[in-house]
Novice: 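Sharing a structure here in structure tokens format.
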Amino acid sequence: MKNRVVIKKPKNFIISQIADSGQTFRWDENFDGSYTIIAFNKAIRIFNDNEDIVIEGINELEFENTFKNYLDLNRDYQLVIDELKNKDKNLDEALVYGSGIRILNQDTWEMIISFIISGNNNIPRIKNSINVLSERYGKFIKEIDGKRLYSFPTPEELSVATIENLRECGLGYRDKYIYNTTKMIINKDIDLSDIKNMDIDEARIELVKLMGVGNKVADCIMLFSLNKSNSFPVDTWVKKILKDYYNFDEKNNKKINEFANDYFGKYAGIAQQYLFNYIRNKK
DNA sequence: GGCCAGGAGAAAA
DNA sequence: TTTTCTCATGGC
């Protein structure tokens with residue numbers, strides 16, 4: 001079976017928009033305009049061929065079993081956009097501006113660690129920290145464009161690291177969060193396979209037990225890895241959006257979530273992603 | 001060289 | 001219960 005898959009004329013799928021929308025830290029642009037993605041222990045190259053999307057590095061079976069869902073290709077985004085449009089002018093513009101965004105279905109463990117790192121941090125440094133963790137504790141996969149690529153470490157692989165080891169990875173004060181959370185996952189204080197079957201409120205209660213996971217990080221984990229489309233991460237940018245676009249100046253996280261669910265509905269989280277992308281990347 | 005970055009935890013009010 | 005302070009570190 002050949003190591004190449006072609007997705008014929010996918011709708012609402014623009015590689016650069018997905019890469020830059022803040023939901024993943026392991027999509028990197030190559031010199032030729034293609035992107036390298038590391039996910040689920042694979043390193044793949046993805047690029048456009050006219051209106052088709054080509055993926056190198058996985059075969060048809062791996063695509064069907066893992067990457068089709070990872071790229072959220074089972075969802076018709078026109079239905080999402082139809083549900084969200086005609087609510088207000090800003091959101092309508094955001095839907096057009098980010099029409100190629102999809103919400104990836106990523107690995108829950110990787111999202112937990114990645115978004116613990118994201119707190120009070122900037123994206124280049126988040127990406128660097130994740131790369132260092134992967135190089136030191138993950139497995140070598142392959143080399144693409146002269147770069148050696150490593151899988152994201154499993155809980156078992158990361159559990160060999162001491163707090164001092166983690167500090168050397170440039171995580172800053174988050175080292176102890178990563179250390180303790182890894183221990184909790186290893187000990188099954190929280191069972192990630194259970195969380196997948198919970199509703200959003202139950203899952204949140206479990207996730208925030210992890211050290212370094214608060215409401216915002218829990219929402220990111222649920223939106224980007226647990227298929228919770230109504231999960232609405234509230235960060236500094238979203239607060240700015242709500243204040244500037246919706247005249248909603250509120251500090252209480254619970255009230256913000258209630259407002260978001262009332263106003264945006266079942267795709268509140270995806271709406272958040274369109275708006276986040278719009279305000280951060282336009283101009 | 002101060003400010004900011006997809007916040008959370010602990011202390012203080 | 002809600003608000004304030006502190007936490008490493010690199011990019012700009």
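Protein chains get the first letters and strands the later ones, always in sequence-line order, with residue 1 at the start of each. Only heavy atoms go into these numbers, but all of them, side chains included; no hydrogens, no water, no symmetry mates.
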Novice: At under 4.0 Å between heavy atoms, what does A:Phe115 touch on the DNA or RNA strands: base, sugar-phosphate, or nothing?
Specialist: nothing
Novice: Could you tell me the boundaries of the chain A footprint on DNA chain B, defined by atoms under 4.0 Å from its heavy atoms?
Specialist: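 That gives a stretch of B:dA5 to B:dG9.
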Novice: Could you work out the separation of B:dG6 and C:dC5 based on their P atoms and round it to a whole Å?
Specialist: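 It comes out at 23 Å once rounded to the nearest Å.
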Novice: Rounding to an integer number of angstrom, what distance separates C:dG11 and B:dA8 when you compare their C1' atoms?
Specialist: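 That atom pair is separated by 23 Å.
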Novice: Restricting to salt bridge (Lys or Arg N to Asp or Glu O under 4.0 Å), what partner residues turn up for A:Asp88, sequence neighbours left out?
Specialist: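 So A:Asp88 forms no salt bridge (Lys or Arg N to Asp or Glu O under 4.0 Å) with any residue.
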Novice: When you measure from every atom of DNA chain B, which of residues 212-222 of chain A have a heavy atom less than 4.0 Å away?
Specialist: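 Here the set is A:Gly212, A:Val213, A:Gly214, A:Asn215, A:Lys216, A:Val217.
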Novice: For C:dA8 versus B:dA11, give the span between their P atoms, rounded off to a whole number of Å.
Specialist: 15 Å
Novice: Quick one, A:Met198 and A:Ile205 - any side-chain contact, counting heavy atoms below 4.5 Å?
Specialist: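 Contact flag for A:Met198/A:Ile205 side chains = no.
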Novice: Could you give all pairs that pass the side chain to side chain donor-acceptor pair (under 3.5 Å) test and reach residues 182-194 of chain A, with sequence neighbours left out?
Specialist: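 Every side chain to side chain donor-acceptor pair (under 3.5 Å) pair that includes a residue of residues 182-194 of chain A, provided the two are not neighbours, is A:Asp191-A:Ser193.
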Novice: Using a side-chain heavy atom cutoff under 4.5 Å and only I, L, V, M, F, W and Y, what cluster partners does A:Val132 have?
Specialist: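 Via sub-4.5 Å side-chain contacts, A:Val132 links to none.
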Novice: With sugar-phosphate meaning primed atoms plus P, OP1 and OP2, does A:Leu166 contact a base, only sugar-phosphate, or nothing at under 4.0 Å between heavy atoms?
Specialist: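 Counting heavy atoms under 4.0 Å across all strands, no contact is made by A:Leu166.
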Novice: List in chain and number order the residues that pass salt bridge (Lys or Arg N to Asp or Glu O under 4.0 Å) with A:Glu93, two or more places apart in sequence or in another chain; answer none if no residue qualifies.
Specialist: A:Lys89
Novice: Nearest nucleotide by nearest heavy atom, which residue falls closer to the 5' end of DNA chain B, A:Gly22 or A:Met211?
Specialist: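 The residue mapped nearer the 5' terminus is A:Gly22.
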Novice: When you compare the protein's N or O atoms with those of nucleotides 2-5 of chain C, which come within less than 3.5 Å of each other, and at what distance?
Specialist:
none

Novice: Would you mind classifying the nucleic acid contact of A:Ile126 as base, sugar-phosphate or nothing, using non-hydrogen atoms under 4.0 angstrom?
Specialist: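 Result for A:Ile126 = nothing.
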Novice: Over 60° means perpendicular and under 30° means parallel, so tell me whether A:Phe248 and A:Phe259 are parallel, tilted or perpendicular.
Specialist: parallel
Novice: Would you confirm whether the ring centroid of A:Tyr263 sits within less than 6.0 angstrom of the ring centroid of A:Phe232?
Specialist: no
Novice: Classify the ring geometry between A:Phe67 and A:Phe40 as parallel (under 30°), tilted (30 to 60°) or perpendicular (over 60°).
Specialist: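 If you compare the ring of A:Phe67 with that of A:Phe40, the planes turn out perpendicular.
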Novice: Scan residues 179-217 of chain A for pairs that pass ring-ring contact (aromatic ring centres under 6.0 Å, His included), counting only residues two or more places apart or in two chains.
Specialist: none
Novice: Could you identify which residues cluster with A:Leu79, counting Ile, Leu, Val, Met, Phe, Trp and Tyr as linked when any side-chain heavy atoms lie under 4.5 Å apart, either directly or through a chain of such contacts?
Specialist: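 Taking Ile, Leu, Val, Met, Phe, Trp and Tyr as members, A:Leu79 stands alone, with no cluster partners.
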Novice: Would you check if A:Glu56 and A:Phe47 make a side-chain contact, meaning some heavy-atom pair closer than 4.5 Å?
Specialist: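 Yes, at least one pair of side-chain atoms sits under 4.5 Å.
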Novice: Which pairs pass side chain to side chain donor-acceptor pair (under 3.5 Å) with one or both residues in residues 208-222 of chain A, sequence neighbours excluded?
Specialist: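 Matches after skipping sequence neighbours: A:Arg204-A:Asn215, A:Arg204-A:Asp219, A:Glu206-A:Lys209, A:Asp219-A:Ser231.
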Novice: How would you summarise protein contacts on nucleotides 7-12 of chain C per nucleotide, using B for base, S for sugar-phosphate only and - for none, with heavy-atom distances below 4.0 Å?
Specialist: BBBB--
Novice: Looking at residues at least two apart in the chain, or sitting in another chain, which of them share a salt bridge (Lys or Arg N to Asp or Glu O under 4.0 Å) with A:Asp235?
Specialist: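 Partners of A:Asp235 under the salt bridge (Lys or Arg N to Asp or Glu O under 4.0 Å) test: none.
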Novice: Looking across every strand, which nucleic acid part, if any, lies under 4.0 Å from A:Thr24 by heavy atom: base, sugar-phosphate, or nothing?
Specialist: nothing
